Number of protein chains: 2
Amino acid sequence: MRNYTAFVATNTIPNSQMKTMTPPPWKVGELAGRTGMSVRALHHYDEIGLLTPTLRTPSGHRLYQQSDVERLQQVQSLRLMGIPLDEVRRLLDGAGLSPREVIALHIAKLHEHIALQNRLAERLQGLAEHLDTVESASIDDLCQIIQVTTAMEKYFTTEQLEVLRDRRSSITEEHMHEVRDSWNEIIPKVRNAMSANVDPASPEILAIAKRWKALVEEFTGGDPKIAMAVKTMYEHEGPSLQQHLGEVPTQEMFVYMGKAFAAMK
Amino acid sequence: MRNYTAFVATNTIPNSQMKTMTPPPWKVGELAGRTGMSVRALHHYDEIGLLTPTLRTPSGHRLYQQSDVERLQQVQSLRLMGIPLDEVRRLLDGAGLSPREVIALHIAKLHEHIALQNRLAERLQGLAEHLDTVESASIDDLCQIIQVTTAMEKYFTTEQLEVLRDRRSSITEEHMHEVRDSWNEIIPKVRNAMSANVDPASPEILAIAKRWKALVEEFTGGDPKIAMAVKTMYEHEGPSLQQHLGEVPTQEMFVYMGKAFAAMK
DNA sequence: CCTTGCACCTCACGTAACGTGAGGAATTAC
DNA sequence: GTAATTCCTCACGTTACGTGAGGTGCAAGG
């Protein structure tokens with residue numbers, strides 16, 4: 001190992017004084033090895049002006065002094081806290097915000113980010129559970145489920161969704177098919193009756209109204225808020241839901257059946 | 001608005017049949033507007049081969065058919081779940097892993113990521129609390145605190161750290177200074193005694209041992225595990241901690257004081 | 001027919017923090 | 001003296017687009 005005193009100091013110094021001098025500067029590889037960073041990272045810090053070694057050999061090799069090492073340790077500390085290099089530089093150069101503010105800002109950002117990730121994780125978890133109850137796992141099915149669940153997230157509160165999820169997990173797939181078939185059977189009948197101007201209070205409509213009510217009751221668990229949310233969702237998302245869920249009642253049908261319900265009492 | 005049937009179909013079709021034909025394809029802007037995506041995103045999807053419109057006008061304008069729109073919806077669904085475009089393409093093209101596996105993998109990744117973020121948030125929170133108890137908030141202080149706390153994370157369990165944090169928050173800053181001053185007073189004495197080969201059982205060392213024990217007791221709250229962890233940490237991180245905490249006992253001192261403790265009984 | 005204005009096209013750079021070579025000079029080791 | 005490291009400087013790749021720049025297509029008004 002050489003020492004680089006020759007071009008650090010301009011005059012010659014006897015060996016007896018060498019020991020009290022500043023320690024020899026480090027080359028990148030050495031600094032990298034001792035600090036656990038990569039050489040490329042140090043190059044990068046130099047490039048962006050975050051950590052420029054105070055010395056270079058005449059041939060261009062970087063030499064890091066004690067002060068540089070200290071700065072690097074500061075950089076490492078702040079990076080450990082997830083602070084971007086840009087802000088690390090601003091902090092160390094004394095420009096911009098105070099440490100307190102930077103930390104507070106970062107905490108806020110982090111919490112926001114974590115909340116997003118958590119919501120995503122919940123969605124994925126629900127999706128996974130759904131995939132495990134259905135044996136057909138085609139991409140189309142997958143996308144349909146995603147579409148429907150994301151649409152539902154817009155109209156239901158978190159607790160309502162949990163209620164629905166709990167109930168769904170306690171229901172057999174066979175039964176879910178039955179329910180869908182029932183809707184697919186009922187809705188065309190209602191549509192026909194409406195276009196034929198059948199009186200909502202007529203006996204055949206009242207019979208249908210009974211089945212309708214039972215189906216709604218079963219899905220909503222009797223919660224009128226969930227029923228309202230479902231109605232709102234159908235009104236807004238009808239066309240796109242139709243592709244995925246099969247037949248879906250329109251707003252006019254709700255009105256029509258409302259009359260039937262009134263006549264039932 | 002034109003229709004692009006001219007180059008979609010090769011033969012002329014009477015108007016009466018036009019209505020039963022496939023709907024007119026959409027241009028990028030229209031598709032973007034209806035799906036809430038940006039035009040650039042659609043261009044990007046085209047570039048990477050994720051969604052290539054089946055048609056183009058002779059002048060090069062993109063035309064999206066029904067099938068393209070469906071594919072886009074699938075892409076949107078999967079992206080909503082945070083799946084990278086690369087895997088979305090593999091999924092939709094039927095190559096690679098099954099939906100189940102992809103979802104499971106992503107859940108695992110997400111949880112890992114969330115755990116990391118949470119640990120980071122905890123660190124930042126602790127840092128912020130610390131910053132609020134100390135009024136001097138220089139960058140150097142900040143980095144020192146980070147260094148010390150990250151070093152501590154390596155040697156203490158989570159519960160131990162919480163205990164320490166709780167206790168620290170109930171202690172005044174003034175008192176912390178007193179403690180530090182006490183250490184700074186005691187340690188040189190011990191060092192001197194050791195180099196002078198003073199008997200650990202001598203009365204002056206026993207007096208120091210008492211103070212030493214009290215200080216350790218106070219910091220560790222009497223928990224021998226915490227005491228052990230502190231000792232291990234000092235042994236491993238001594239030199240770097242010394243810069244930040246002031247005087248720190250060496251392993252030899254622990255041994256020496258151990259003899260004094262034995263003589264105290 | 002010509003212009004105006006809007007939607008569209010294709011580059012191509014920028015983002016964060018480096019990883020990963022490529023090709024060549026300098027240093028160190030034997 | 002030569003071989004093996006270590007160092008240097010480009011420069012592209014990573015994610016999912018944003019943001020112009022500069023040029024064409026196309027429907028409508030004068």
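Quick caveat: nothing in here was measured; it's all calculated off a predicted structure.
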message: If the cut-off is 4.0 Å, is A:T57 near the phosphate of C:dA26, judged by side-chain N/O to OP1 or OP2?
response: no

message: Donor-acceptor pair, distance only, cut-off 3.5 Å: does the side chain of A:R123 make one with the backbone of A:T149?
response: no

message: Without decimals, in angstroms, what is the distance between B:Y64 OH and C:dC9 P?
response: 7 Å

field: Below 4.0 Å: OP1/OP2 of C:dA26 and any side-chain N or O of A:R62
entry: no

- request: Without swapping roles, check the side chain of A:R71 against the backbone of A:L50 for a donor-acceptor pair under 3.5 Å.
  value: yes

- prompt: In whole angstrom, what separates B:R89's CZ from D:dA16's P?
  reply: 10 Å

task: Could you state the atom-to-atom distance from CD1 of A:I83 to C1' of C:dA16 in whole Å?
output: 15 Å

message: Rounded to whole Å, how long is the line connecting atom CD of A:E87 with atom P of C:dA16?
response: 11 Å

message: Both B:G60 and A:H61 contact DNA chain C. Which one's nearest nucleotide lies toward the 5' end?
response: B:G60

Residue whose closest nucleotide on DNA chain D lies nearer the 5' end, B:P84 versus B:S59: B:P84

- prompt: Under 4.5 Å between any side-chain heavy atoms of A:L85 and A:L78, yes or no?
  reply: no

- request: Tell me whether the OP1 or OP2 atom of C:dT10 has a side-chain N or O from B:R56 closer than 4.0 Å.
  value: yes

statement: To the nearest angstrom, the CG-P distance between A:L55 and D:dC8 comes to 13 Å

field: Sorted by number, the residues of residues 36-53 of chain B with heavy-atom contact under 4.0 Å to DNA chain C
entry: B:R40, B:H43

message: For the backbone of B:Q147 and the side chain of B:T150, can you confirm whether one donor and one acceptor N or O come within less than 3.5 Å of each other?
response: yes

message: By nearest atom, which of the nucleotides D:dG25, D:dA16, C:dT28 is closest to the B:R79 side chain?
response: D:dA16

query: So, B:S98 versus B:E101: side-chain donor-acceptor pair below 3.5 Å or not?
result: yes

message: With a 4.0 Å cut-off on N to O distance, would you call B:D68 and B:R62 a salt bridge?
response: no

message: Any non-hydrogen side-chain atom of A:W26 less than 4.5 Å from a side-chain atom of A:V69?
response: yes

Separation of D:dT15 P from B:H106 NE2 (nearest whole Å): 12 Å

